[in-house]
Amino acid sequence: MDYSIIIGIIGIVITLVFGFLSFDLFKRKKYPGKITYVKLSLIDLLNNVANNFKEIKLLHNNSPIKKNIIYIKGALLNNGDIDINGQLIEKDISAQLPDNCKWLDVKATEFSEGLSVDIIISRDNKAIFKFDLFRKSEFVQFEGLIEVKEEEISADNIESEIVFSHRIENTSKIEKKNLLTKKELKKKKEYALLCSILFLLSLLVVASTFIFNLFGTKLETVYFINNTNVNELYQIKLQDSLVELNSMSTNKDVFTVTLDEFNMSYKASEKQLTFRQRSKEFYWIFFIQFCIFLIIVLWELSETHKAKRLSMILAK
């Protein structure tokens, strides 16, 4: 294997590492503003609570609730790199419910110190969040009641179908995230560690197999040479009356000759492949395994870092 190929593989690996690390940075440069919705709680009040306890009566504005009501608690976090000025927003952040659902009430229950926020329900049944200045690393926690006209619609279905939208300059679409507990974060770290161990074990197995194939067997493959070019080794395969030749020294395409041409122009050689030529397949196997390992581990570490950042914002 040429050293240029080895250098090329190393370059690809380095590109993958820095490419993965810079992908989030690229997104932040393109959209430095970022808002994330975090689900904190979701309860089916009428179906899962009131129906199981006849002593409990649910009222809204002193009137009995007859339809299914869902309690939602969530938070909007500015986890971007810029402050968001409410005076310059073309369209405020809004939460649109799916069909057959209606906002009964929604209010801000907790928010960062100094943040001024107001939540109103519009005529088209959207919860609209209005604020003066939403600084980075600030949050607003809200709680709301949702009336559901169809009993078969579950709370989880509604939460997944809530559409958050806005028209804020230099700000990407609102992402939905679940806040990971300390136990879940620990599991993610353990999973990344497990992937690393499995990668090392698989690499050890491949390396052991490769070493055994090189030095553990006394059988040697016979290669052929052209009478006019004794430096190039060929591996052959017989196909009917044709002989297929595969160059082991260069990257030439496989070609075929007739059996008579082969007998006239080619002969068996005592030469064997060099260590570098034998090990070229091992390099590619190692490279593929290493790339898979990088993608899995770096992804897990990236998700863990993002989850920690969201938790730190809510903890302020």
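No experiment lies behind these values; they were computed from the predicted model shown.
- If you chain together hydrophobic residues whose side chains sit under 4.5 Å apart, F111 and I128 never meet in one group.
- In this structure, Y37 and I174 approach most closely via the heavy-atom pair N-CG2, 3.9 Å.
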Practice item. Please step through side chain to side chain contact (heavy atoms under 4.5 Å, CB included) for the pair W103 and I146, ending with a clear verdict. Key: CA-CA 5 Å; W103 285 108; I146 301 172; 3.8 Å; yes

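- You'll find the side chain of V243 stays beyond 4.5 Å of the side chain of Y266, heavy atoms only.
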Exercise for review: Any chance you could lay out the side chain to side chain contact (heavy atoms under 4.5 Å, CB included) test for K107 and I119, step after step, and finish with the verdict?
Suggested key: CA-CA 6 Å; K107 60 183 66 178; I119 308 176; 5.8 Å; no

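- For the pair V257/L242, no side-chain contact is recorded, criterion being any heavy-atom separation below 4.5 Å from C-beta on.
- Under a 4.5 Å side-chain heavy-atom cut-off, the cluster of Ile, Leu, Val, Met, Phe, Trp and Tyr residues that includes V254 has no other member.
- Residues D92 and I89 come closest through the heavy atom pair N-CG2, 3.7 Å.
- The closest side-chain heavy-atom distance from L97 to I162 is below 4.5 Å.
- For K102, the NZ atom sits in a loose shell: 12 or fewer heavy atoms of surrounding residues, nucleotides or ligands are nearer than 6.0 Å.
- Between Y71 and E143, the closest heavy-atom pair is OH-OE1, 2.6 Å.
- To the nearest 0.5 angstrom, F262 atom CZ is 12.0 Å from E244 atom CD.
- H166 contributes a side-chain N or O that, together with a main-chain N or O of S172, makes up a donor-acceptor pair within less than 3.5 Å.
- Closest approach of S137 to I313, counting heavy atoms only: O-CG2, 3.6 Å.
- Judged by distance alone, with hydrogens and angles left aside, the side-chain atoms of K176 form a donor-acceptor pair with the main-chain N or O of E159 at under 3.5 Å.
- You'll find the side chain of I168 reaches within 4.5 Å of the side chain of I93, heavy atoms only.
- Ring pair F129/F134: centre-to-centre distance not below 6.0 Å.
- Using a distance-only test at 3.5 Å, with no hydrogens or angles considered, no donor-acceptor pair links the side chain of D124 to the main chain of Q96.
- By the 4.5 Å heavy-atom criterion applied to side chains, T109 and F142 are not counted as neighbours.
- Looking only at distances, a side-chain donor or acceptor of T171 sits under 3.5 Å from a matching main-chain atom of E169.
- Considering all non-hydrogen atoms of both residues, V117 and A108 come closest at CG1-CB, 3.9 Å.
- Rounded to the nearest 0.5 angstrom, L104 CG and I70 CD1 are separated by 11.0 Å.
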Practice item. Test side chain to side chain contact (heavy atoms under 4.5 Å, CB included) on V38 and F139 and set out the steps. Key: CA-CA 10 Å; V38 175; F139 75 95; over 6 Å; no

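- Listed by chain and residue number, L133, R135, K136 satisfy the side-chain contact (heavy atoms from CB on, under 4.5 Å) test with D83 (two or more places apart in sequence, or in another chain).
- Taking the side chain as every heavy atom from C-beta outward, L245 and N226 never approach each other to under 4.5 Å.
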